[in-house]
Amino acid sequence: MNFTRIWAVTYKEWREIFRDRLFFIMAFVLPIGIFLVVGFGISFDVEKITFAVLDQDNTAMSRDFLHRFIDSRYFDYKGHVQSEREFDPLLADSNIRFAIIIPPRFEEQLLSGQATSVQSLIDGVFPYRAEVAKGYVTAIIANFNTQSLAEYLARKRGISKGQAIAQVSPLRLESRYLYNQALRSQWSISSGLMMLVLMVAPPFLTALGVVREKENGSIYNIYASTISRSEFILGKLLPYLLISCLNILILWWLVMHVFGTPFKGHPFFYYIASIIYVLCTSGVGLVVSLLVRTQVAAVMLTIVLSFVPAMLYSGLLVPVDSMGRETQIEAHLFPTLYYLRITWGSFLKGLGWTELWFDVAILLSYALILWGIGFLNFHKRPAE
Amino acid sequence: MGEASLVDKQAVINITGFCKRYKKKLAVNAVDLTIQRGEIYGLIGPDGAGKSSLMKAIAGVLSFEQGTLDVLGVTIDSEASAEKIKGRLGFMPQGLGLNLYGDLSVEENIDFFAQLREVQPEQLDQRKDKLLGMTRLDKFRERPMKNLSGGMKQKLGLICTLIHQPELVILDEPTTGVDPVSRRDFWAILAELLQEHNITALVSTAYMDEAARFNRLSLMYNGQILAAGTPDAISQQAKGCLIELTAEPQLEALKQLKIHYLQIETIGSRIRVFADNTSVNAGVKTVTDLLAGVKIKTIRAFDAALEDSFIALLRQRPLTDQTQKDNSIPRFDKPLPDDKSIAIEAKQLTRDFGKFRSVDHINFSVKQGEIFGLLGANGAGKTTAIKMLTGILPPSEGEGQVAGADMRKAGQLIKERIGYMSQAFSLYLDLTVMENIRLFASIYGVDRKTLKQRIDWVINIAGLAEVIGQLAGSLPMGIRQRLALGCALIHQPGVLFLDEPTSGVDPIGRRQFWDILVHLARVEQVAILVTTHYMTEAEHCDHLVLMYAGRVIADDTPTTMIESLQNEAGQLLEITTDKPLQALTLLEKENFKGVALFGKHIHLLALDVKRVKKQISELLTKHSIKLLEITAQTPTLEDVFVYRVLALENKELT
């Protein structure tokens, strides 16, 4: 190892990054941009479902029933309509996602002890949201039924409403959510996005940095000189690793202060684990740079190799446990899964070395393998 | 392996039976080469001849399959053995400034190479000052590399390659794309530096006229060495002589001579024939006897220069299956104006890019049937001028007219009368030849009735019959450019714009290309405006315009341009001495005009030839330099270009 030569390459690369506006954007603006866009964009909380009402009864009871929807934070009331036909354009243009129709004689039938039905129309284009909306509606109606029954019992037997409710539904479920009490998906998503961004940005930088020299021919300066291949790889990637280490801190800050996600783990542990992860993903970029010759090809291949596992196989969107058998095996082949465990473990569960050492070890071996492949396949005397 | 080095211990490079293949394609085939210490050795050949592959292998940056390669006494047969020589050699890959770092300044580039090569800081400062001074780059230390001109980039590349004082330098086409003035400068600096440290150099070039720069050279074609030796020895290997004549009518003379000679071309009003196995003395009579019913105005015979010899050598050996084109090039199927009206006109044409004036009030006009050459260095404004004339770029001032109409406002009818072939031509490399032609036919709206006929015509005129089903990307440069020309001709335009159509094409390919152009101009009366870097090609034009820094600095026929240089600055003297470098510095000091080094010869311009000859011989004798030969020659167009540009540069300096 000759440090003069490593420094020569590192220093040259560093100045190029800061003078080439495109590269500078790639290094800092792009990762933060991806993070903010996706962070604010992805949310699994189904709230504020827009809806409209057709009340054909228009009595105290129908209004009381409807207020259970209008007052809920899960629904966003858009107004009343006069006929069922008016729903079609509203639903078709996505002005509302859900409609509720109260039949005539709603109050009269209920008071006379007869069953009646309300109709709801739910936009089923996005099934997940439709399912959740249906769940809310069901819950509100069940609640309405329980209360009606309780009131009836209270009146008939002369007991208090509380007693009546206890008799109507003697067993109740009390659930408490751990680690993310309010079930805010943004906590999980924002911290999880550190995994995504650090999977995408570092390999982009390293792959482009090496391929750029291959594409315009300046790599021959390296081939024709006495610098050894490990010196070159190290010198070349050092600036990119530094930038990524800086990006870890920036992203971390954003997760905590822009998305308000708490960090319950050990900062030192998490930073070390993140650096190992960056080494690992930079290694992906190094391997890509060996396979391709043009910058365009490098971008394409990096997107495939980084975005796909980060989005689909990491467990960010779909829990790994609920994947199919084969998919689960595939998911375990990518480093993203392990780092996501480390991230959620650190941010939300407050875990550290004792619980997560295995995942860190796997990341470390990934990094060693990828860098090993990179080193062994970089030749200063290639065949073409 | 050990034996090879025993054969010639002095040799810096020793190669036997070298082969390099890329997948199935054989790039270099059974090459033998020996280069001695202190030599400037040249590899000359067109694109794809195998020069780069050979040079990269010697530099230890490319593996090869067959043969032995000894460099600086080390047998190169593995990555590890190649590493042993890398400290002692410098390699500059192909491409204008491509191996340098655009965002770094001149000085930072040099510093990077020095650190990479572990040059000690004290030594670095000393060498840097000296090299920057010699290359006159010291004023631009802080300038980012990307803002340098082509010639300056190559000089910086040379500094970076030499900063660690290697014993051997390998320079891959350092002068390609560089204007003649900068090229001369580059060669002078190189020669001086190499001499000073007794460095051996292996240099490649695509310009045949640079052969005189080398001590010895190899002509490469198709992966093989066609001929090797001193420039003179190679020229003599092609048996025969050149005969140049002017005759009336030219077309008739051409037709008659084509029956007997394969290597024939027209240069403006002149016809030039290479007569195989004919001596200079017998040449004139042989050709005169062949012509009947033609009035010969002038005729002379002389020894061929390297380019003609190269083509003759290729022909005389069964290396190419050159199919001789018959004389019946098909005619246009629609009539074109037969008069000599003005086809292209630039009036005070000007274009600014921000503060930079790319084209500065230029004026010229091109008649129907005229081949018009636009010459100038990179960035002189040639491409910008063409873009304004064709209506692609709006002028800042003045106007450009084609067939009497401003192209920007012209109707479709007039636009259909022009053809344009751009610098980096827009062929679709993943389409076959036929698909490309069909595509252009539909772009230009050739109607269905004439389509088939028109396609056949294009295939015929561009000589594409044998490659019709091949992918455009798989064709050699020469054929690819003919296809591009064919596509630009699909609508049989009366005016043709060609922007550096032959760069990277081998001499044979260039000749075939020019054959088509001459036919179009002479027979179909097409007006052709062409830009080129090759000064030898400029001679083919009927009329030339020289551009410098956006301005027209000369506007005349090639012959008149040379004549006026002779009137102004005199004849070209070629001086051969035993110590060329010393003689050079001496002559430069004495203020002779246009002193330049060409290999072992020195060129300069002299009005009073007799007096100057005497002066030089006295001067050299005084400094005990032996004068071997001194001959007067007609200056070339390159001399005109260099003289005019240098005169302007000097004027700007004072």
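Note that the coordinates shown come from a computational prediction; the quantities given were computed from them, not determined experimentally. So you know, we letter chains A, B, ... as the sequences are listed, proteins then strands, and number each from 1.
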CG of B:Leu116 to CZ of A:Phe232, rounded to nearest 0.5 Å, is 9.5 Å
Checklist line | Min side-chain heavy-atom separation A:Arg19-B:Glu108 under 4.5 Å | finding: yes
Rounding to 0.5 Å, atoms CD1 (A:Ile227) and CZ (B:Arg117) come to a distance of 10.5 Å
Applying a strict 4.5 Å limit to non-hydrogen atoms, the region of B:Glu79 in contact with chain A is both
Note: A:Ala383 and B:Ser63 closest approach over all heavy atoms is CA-OG, 3.2 Å
Interatomic distance, CG@B:Leu62 vs NZ@A:Lys380, rounded to 0.5 Å, equals 14.5 Å
Among B:Phe112, B:Tyr101, B:Phe91, the residue with the most heavy-atom pairs under 4.5 Å to chain A is B:Tyr101
Check: Counting heavy atoms not belonging to B:Tyr428, are there more than 12 under 6.0 Å from its OH?
Finding: no
Looking only at heavy atoms, the pair that brings A:Pro382 and B:Val61 closest together is CD-O, 3.2 Å
Just wondering, more than 12 heavy atoms not from B:Gln126 lying within 6.0 Å of its CD? no
Scored by heavy-atom pairs under 4.5 Å with chain A, the best of B:Gly90, B:Gly60, B:Ala59 is B:Gly60
When the 4.5 angstrom heavy-atom criterion is applied to B:Ser81 and chain A, the contacting part is neither
Among B:Glu65, B:His164, B:Glu83, B:Lys86, the residue with the most heavy-atom pairs under 4.5 Å to chain A is B:Lys86
Expected contact set for residues 9-18 of chain A against chain B at heavy-atom separation under 4.5 Å reads A:Val9, A:Lys12, A:Arg15, A:Glu16
- For atom CZ of B:Arg141, decide whether the heavy atoms of other residues, nucleotides or ligands shown that lie under 6.0 angstrom number more than 12. yes
Under a 4.5 Å heavy-atom criterion, the part of residues 207-222 of chain A in contact with chain B comprises A:Glu213, A:Asn216, A:Gly217, A:Ser218, A:Tyr220, A:Asn221, A:Ile222
Whatever's closer than 4.5 Å to a heavy atom in chain A on B:Thr161 counts as neither
Applying a strict 4.5 Å limit to non-hydrogen atoms, the region of B:Tyr22 in contact with chain A is side chain
So, the part of B:Lys84 with a heavy atom under 4.5 Å from chain A: the answer is neither
Q) Do A:Arg5 and B:Gln115 come within less than 4.5 Å of each other through their side chains, counting heavy atoms only? A) no
